[in-house]
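The basis for the numbers below is simple: all heavy atoms, side chains too, and nothing from hydrogens, waters or symmetry mates. First the proteins, then the strands, lettered A, B, ... as listed; each starts at 1.
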There are 2 protein chains.
Amino acid sequence: MSPTHAPAGAARQGSLRELNLALVLGRIAAADRPPSRADLATATGLTRATVSAVVEDLLAGQLVSEADPAPRAGAGRPARGLVLADHGPAGLGLEVNVDYLAVCVVDLAGQVRHRTVHRADLRPVDPADALARLVELAGRARADADRQGLTLAGAALAVPGLVDDAGLVRLAPNLGWRDVAVPALLAEHPALTEQVPGVPALMVDNEANLAALGELHSRPPGPASFLHISGEVGIGAGIVLDGALFRGVRGWSGEIGHLPVHPQGRPCRCGGRGCLEQYAGQEAIVAAAGLARAELPADTATVRLAELAEAGDDAALRALRDAGTALGVAVAGVVNLLDLDTVVLGGGYAPLAPWLCPPVLTEIAARVLTAAWSPVTVRPSTLGAEAAVVGAAGSVVRRIVARPGGWLARCG
Amino acid sequence: MSPTHAPAGAARQGSLRELNLALVLGRIAAADRPPSRADLATATGLTRATVSAVVEDLLAGQLVSEADPAPRAGAGRPARGLVLADHGPAGLGLEVNVDYLAVCVVDLAGQVRHRTVHRADLRPVDPADALARLVELAGRARADADRQGLTLAGAALAVPGLVDDAGLVRLAPNLGWRDVAVPALLAEHPALTEQVPGVPALMVDNEANLAALGELHSRPPGPASFLHISGEVGIGAGIVLDGALFRGVRGWSGEIGHLPVHPQGRPCRCGGRGCLEQYAGQEAIVAAAGLARAELPADTATVRLAELAEAGDDAALRALRDAGTALGVAVAGVVNLLDLDTVVLGGGYAPLAPWLCPPVLTEIAARVLTAAWSPVTVRPSTLGAEAAVVGAAGSVVRRIVARPGGWLARCG
DNA sequence: GCAAATAATTCAATCGTTGAACAAATAGCG
DNA sequence: CGCTATTTGTTCAACGATTGAATTATTTGC
């Protein structure tokens, strides 16, 4: 968390260098223009001598490279700009969702260097088969990455469900998965299990969490704390606090879909009554708009809904307004509780944002105690449907940027 | 937050020692028996030589002292146990509340070494007057601390309202305060403004936040993540995530009292409808139980309510059950969102916990998606009404334990 | 009384940062 | 064209902190 607390381990000599590697690399990543060594020295408070030594390590490890000297006015020896390497380590992002498989590769700078989306209804498919198909796509992505001079340093898999620390998918209701041991199933595929010391070969995480991370690291940089809501069949939220994803005690945070908005209302499949999902979930909106939901795959339903709303269809507009109001009630509660100033509507909500935002803002204005002093921003996701895969791949490279020691120990 | 992110500043030589000072001191604080230098070496991973050097610094700065050798079986030179000093720096805790002023002193080990509670109705009192009275109590506390060989290293003030970063009390509705610049008003009183480098002389914070911190550091140590709910006239929550208080973007988190539990229900003074406060706030419970609330000060009302419930009074029991159900709906939402496994009922809720817990647990069981896999504990606060002052004083000493460098630089 | 065992300290070696001096490379100016 | 001012980046002795081994201190068990 943020959180200023003592470190876990002992601070030995080497930790010092590791901290400064992270500090300098982080500055290079955050800068909007390639900084020189001298810039980094003044920005970080380190000596130019130390910065030179640190940068030498980073160059040797292929984490940064020297760019063309940035033009500068005035006299003096020209600076050599430093940028994140476009040929160093990269992250592999994977996603299994209800109606598609996706794979992408993201480099250190956060650029998407490869992407594949394979549309298919995954519900009737056995988990092992689904993962086998995904591994095939991943193999092609790896080949493409190699061709571009990138080395995959790890992989992360996004799943629409509850995942525990060991990567076991406890429950993915809309996918029909229960207790699927993803790491064990993927262990047979060497394409994914190439080891980097200190970096787990594969991380499995909730789709909403990774989408929030994708949003966090998208350019231009947004706020460090926000709520990212993915409106799919279920409604998941990723909670980003002080630049870090909050995962909860067991990693199951973000189940905003089961916040009660009408405590005595419609029964929900979770066993409660009046959960948000029953009023603002995709199926609920589609049904309220009078569309036959069985006919349509999930992702085209929202597009169709947006078309109808655009055309001024009364039922669609009413359905969206009601869903937005329910969403607003829930979001207002969250904002009161966590004091966030930004809410991002992602996933299936992104294309519907023009109609959802107004009622959400109305509820916030009415219910949030501090709304009068400082406004709450509600905006659609910038990454859209790709947020989760991109966030998954990005989480791999972000871990390297945040702690480069592990990577350098391997590729020194 | 926990959060593994890079440090803010440059890691120079001295930071290394500072980190290890914090590491060793933290171990001494967390140990249940006085550890020897050798114990600390194995526990932290540092060399015995380093631990000796670090401990020497801590001894010189009066942060730890050597205890009687703990009896040990077997041969060998006896160890010298290390404990947190009972004569070093201490924290001053202050509280202004609706019907009392409180002051306490807490030493490094977390022991309360002085306490004063002054009962008075503070609502009609001018903020400056109230603070002046508090300063008088603080002066006596300081004298008492001096007599015990303690040096006050900072102070923290708990207020039942919204506080911003600068210590300005934006709004304390039940106290009738609005835009009260506490630090400016207290600056005239030198008893509180003795400076320690790196430690702000006075911190002002929300009462619910500090109560949660008090609970976090109470012995025996509880979980690192939990929700602490203070049920007073308003309902405030302190959110502790991974051992750190989560304050929100502007420091105004925890307004659980305005979570909507009946979106179209009773209007609330916040402008919304159906807020939790209208169903589980102290005034709401007292009214539902048929007590004339105007007759009773806030704190005796809950005691009276507990007596009635104990005696089997129907109206009181019904009022508590309904309040517990409303509270449970809100708490279930929070648990779904944040994935917490512990909820602490504090403040005015503590004595009512026997009647509130069952309906809260019922709602959690019905509404929390993951309740089937891992249970949620709901329990009363161990500190009771003193949690906020003790937490305030504790926050001062905790900051020293977490970063001893500042204190040692002063008292080397 | 002596050996074994455990605790704590001492000391040369090592590693990373520091600060200043030095080399490199350019713009401006006469 | 040559000189100076200016800024960048590197080199090097010094310093501070940790390390690991050797040493001293103190007790139990035989």
Backbone N or O of B/Gly167 within a donor-acceptor pair of the B/Asp164 side chain at under 3.5 Å?
yes

When you measure from the side-chain N and O atoms of A/Thr50 to the phosphate of C/dT18, is any distance below 4.0 Å, counting only OP1 and OP2?
yes

Does the A/Asn20 side chain pair with the main chain of A/Leu23, one donor and one acceptor, at a distance under 3.5 Å?
no

Are side-chain heavy atoms of B/Gln62 and B/His87 found at a separation under 4.5 Å?
yes

Using a cut-off of 4.0 Å on non-hydrogen atoms, how would the nucleic acid contact of B/Arg37 be classed: base, sugar-phosphate, or nothing?
sugar-phosphate

Have a look at A/Ala49 and say if it touches a base, only the backbone sugar-phosphate, or nothing, with a 4.0 Å heavy-atom cut-off.
base

Take the protein atom CG of B/Leu16 and the nucleotide atom P of D/dA17, then report the distance between them rounded to whole Å.
9 Å

What is the distance, to the nearest angstrom, from the CZ atom on B/Arg77 to the P atom on C/dT9?
7 Å

Is there a salt bridge (Lys or Arg N to Asp or Glu O under 4.0 Å) between A/Asp165 and A/Arg250 once you walk through the steps?
CA-CA 7 Å; A/Asp165 294 333; A/Arg250 316 175 203 78; over 6 Å; no

B/Arg80 CZ to D/dA25 P: how many Å, rounded?
13 Å

Take A/Glu66 and A/Arg37 through the salt bridge (Lys or Arg N to Asp or Glu O under 4.0 Å) test and state the conclusion after the steps.
CA-CA 11 Å; A/Glu66 291 190 321; A/Arg37 290 165 175 78; 2.9 Å; yes

Has A/Arg12 got a side-chain N or O lying under 4.0 Å from the OP1 or OP2 atom of D/dA17?
no

At 4.0 Å (heavy atoms only), tell me whether A/Ser36 reaches a base, stays on the sugar-phosphate, or touches nothing.
sugar-phosphate

Compare the minimum distances between each of D/dT8, C/dT9, C/dT17 and the side chain of B/Ser52, then state the nucleotide with the smallest one.
C/dT9

Measure the distance from CZ on B/Arg48 to C1' on D/dA25 and round it to the nearest whole Å.
13 Å

Distance check needed: D/dT8 P versus A/Leu40 CG, whole Å only.
11 Å

Short side-chain N/O contact from A/Thr47 to OP1 or OP2 of C/dT18, under 4.0 Å:
yes

Separation of B/Glu18 atom CD from D/dG16 atom P, in whole Å?
16 Å

Can you measure A/Glu56 atom CD to C/dC15 atom P for me and round it to whole angstrom units?
16 Å

Please give, in whole Å, the distance from D/dT18 P to B/Leu21 CG?
8 Å

Respond yes when some side-chain nitrogen or oxygen of B/Asn20 is under 4.0 Å from OP1 or OP2 of D/dT18, and no when none is.
yes

Starting at the 5' end of DNA chain D and moving along, which residue's nearest nucleotide shows up first, A/Asp39 or B/Gly76?
A/Asp39

Looking at C/dA8, D/dT28, C/dT18, which one has an atom nearest to any side-chain atom of B/Ala75?
D/dT28

Going by modelled atom types, is there a donor-acceptor pair between the base of C/dG16 and the side chain of A/Gln13 at under 3.5 Å?
no

